[in-house]
Amino acid sequence: MIQMGGAPRVRHAVIAIAIAAVLALITILRPLDITLWSLQSKLFSHEPSGEIVLVGEFNHTLDGSVESTNSLLLSALRKLEKSDVDQVVIDTPLRASGSAELDQSLRNAIDGLGDRVVIAAPVVDAANMAEIREANAPLFDGAAPVASSDFLTDFLGFVWNVGDSVEVEGRTYPAVWSVLSGSPTSVDVLHPDFTIDRESIPQIDISELAQGEARLIESFAGKKVLIGTLGGDDRRVRIPDNSEVFAGSAELHAIAAETALRMAGSGYTSIATLPFFGCLLLLLVLGRIPGRVRRAGYAIWFSMFVIGFVASAEMGLRVMLSEPLVLAFAFGIQRVIAHWRRRHLYTDPRSGLSNFVALQRDLEARDSLTDEVIVVTKIARLEAIFATVRGGEQGEYLRQIAGRLTLGEERSTIYHDGGKYLAMVLLKSDYPDLQGHLEGLRAVASQAVVIGDRTIDVAITVGVDQSSTGRPSNRISSAIAAADQAREAYRPVFVISDFETDSETWDYSLQSRLEAALSENRISIKLQPKVEMQSGLFVGAEALARWTDRERGEIPPNQFILQCERAGRLDDLTKRVMNRSFAASRELEQAGLPARISVNVSAIQFVDSRIVEWVEEAMVMTSVNPANVMIEITETARIDNARRARDVMERIKKLGVEFSIDDFGVGSGNLDALYNLPFDELKIDRMFTNTVAHGREARLITSSLMKLSRDLGLRSVAEGIDNLATFEMLRDMGGDLAQGYCIARPQTLPLLKETLRLQAQGGIARRT
Ligand code: C2E
Ligand code: MG
Ligand code: MG
């Protein structure tokens, strides 16, 4: 099951990884990364080191002329020269003003700072790498080493990475951030950490510095001062923290330098992140992991993603998480669709119950099926019931029956095949008396269902497969077959065990062998004598169909009659048995022996008048005396049109034939039929006759059935008597006729003739 269920999961994971990999290759997900990074920069706020001081023009004191800019810068540099400042980076264009004297003083001031000063300039034109932008006037050439204040913005104006140096025409210019921080991390490309609170970077207005109060000057000791662009525009970048536009290179490089000082700013592209998350996902779906553990694994997998997101924000690392995120989505969506499909695949829309596909899946998921018993309940006449019930009520009807089946087993699942079958799985070990339990359950479930103000009947049979072998699908089929085999009135709970699974009933070749037996006329009859109880005299016999198979020997009628019915060959069988029985009767009559013959005919054969023709034909062919013929109707409970059955019976009775109701008292032979149909004889089922010696109830029922048949003017036959004590008891109760192993077993015609002759000679007249 895990392997079967695992396959689509693996497929989904591989597809998701492939999608994410392709998207990573074409870098189409960068906007998503940018969004994620922007979110990350809002997550934390980190204090800058305070080592770097920004000097700028914040109070708008400059009038914009080069002269005023240069003179302010000059004053500021002179103050700085006197301080113990560690480093000064001048990131403002040094232009020539009108006054050569002023410019020379500025140059001198720069020189005065010695190796503590660096001039920053955009070394590379963003559009043309080879072109150095000459921002500074020639006078300032060589005044100090030049650092690159370059940066690249993305299409939204954000800066996500800055190189540590720039090489132009063979010369290497270190980046401003790298000069400011002393490059404590050895990264080639630094990813500015925008969680650093840029507003906390110490900032001083250039005019304040130029005035230079002593305390202020002292505070520069050991600091790195970055003088940003003065009196003019600069390229601007957006800062993701609040998307606010701010003056470019100086502030950006200050943040980058702070990032380096935090030892942050490393980057991990999807080349690292995608394989990491992809492999973890594959481990989860490939392993033979129980469902619950795997779901926990998914949760951990996703929380690793969330943790990665938060942790990289905290640590100032730039991690590309868009591909893993897409991976999670692509996988998740496929799984959700698969689940949704499965939910629909595994539920029956009408009843809302799990269907048989789900049953098979659940059985396959079990480690072994040795203790499992599959119980299938078949609802009789469901189509007819549904023809009169509205759609919503149909589901209600099914659910109510299903609810009753779970009585005492609330946790068990009831499956519905969409038609007339419900199924459940029980454990053999839980039910020492499984048959008894199911019979009780059937009785409960067979109570009429009330929907709204309507009462709807329920008739069910139960089939059980309790074989210990066989695949789930075979076992489900076998339980369904058992439910079909079960007879509502006669044997409502039908259990199939291993023994039966490979016996004739379930042998698929049975049908074809039965066909052959019928066509080769290998169906015979045995005759079981009936005696008159009071006199002990034989009066006739019942014909019982026999099939002797070449391989399996004699097959009991209980097994093959149903097969005949299913194969549509019951009529054929009945005609043959009738012909043979009538012929036997004729033979006995000619021999001067008791010749009354009873033939069994199933109630379902009284749905039309064809049986009338068969009886007539058999009579003509055998010249039997109609007065010797009796038809035993078996399974009278299956008559659903009593009027028609009655018509058919009346027509046969006109031929001189009598009728007997078979197996009376058990479910299949009922009062309903007795009331509606013109019977002449009542056969009390052996369930009662055979137990009169043991139980008061059986005695009471048997004697009242005898009285009932007397009162109705019928003859009673006590069948299935297999011991003398029972016979005597029944005789004393006033029974008319008797039949049973203790009187005589079903036998061949020649043997029966011998038996009857013996009696005629007085040999066994008083045998009983
Ligand atoms: P049934 O008509 O009630 O027949 C009586 C069954 O009880 C026969 O079983 C008979 O052998 C058996 N029996 C007789 N005496 C005793 C006894 O003392 N003890 C026990 N335990 N059993 C006894 P059989 O021959 O196996 O027939 C079973 C059923 O098959 C019959 O029940 C009848 O319903 C059906 N059947 C038999 N032949 C035909 C047929 O030609 N057509 C139809 N439609 N059904 C048939
Ligand atoms: Mg019978
Ligand atoms: Mg019977």
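As the structure lists them, so they are numbered: ligands from 1, and atoms in each ligand from 1. Only heavy atoms go into these numbers, but all of them, side chains included; no hydrogens, no water, no symmetry mates.
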Is it the side chain, the backbone, both or neither of [X] that has a heavy atom closer than 4.0 Å to ligand 1?
{"X": "Ile721", "answer": "backbone"}
{"X": "Glu635", "answer": "neither"}
{"X": "Pro556", "answer": "neither"}
{"X": "Val599", "answer": "neither"}
{"X": "Lys526", "answer": "neither"}
{"X": "Arg745", "answer": "neither"}
{"X": "Glu719", "answer": "side chain"}

Between Ser598 and Glu542, does any side-chain donor sit less than 3.5 Å from a side-chain acceptor?
-> no
Do Ser535 and Glu532 meet the criterion of a side-chain donor-acceptor pair at a distance under 3.5 Å?
-> yes
Output field for angle at the Mg ion (ligand 3), Glu719.OE2 vs Asp662.OD1, rounded to 10°, should show 90°
Per-atom contacts, ligand 1 versus Pro746 - under 4.0 Å to a heavy atom | 11 (O)
Output the list of atoms in ligand 1 that are nearer than 4.0 Å to some heavy atom of Glu632, sorted by atom number.
-> 2 (O)
N, O or S of Asn600 under 2.8 Å from the Mg ion (ligand 2) = yes
Atom of Glu542 nearest the Mg ion (ligand 2) (restricted to N/O/S, atom name only) = OE2
Kindly give the atom name of the N, O or S atom of Glu632 closest to the Mg ion (ligand 2).
-> OE1
For the pair Asp647 and Arg643, find out whether any cationic side-chain nitrogen is under 4.0 Å from an anionic carboxylate oxygen.
-> no
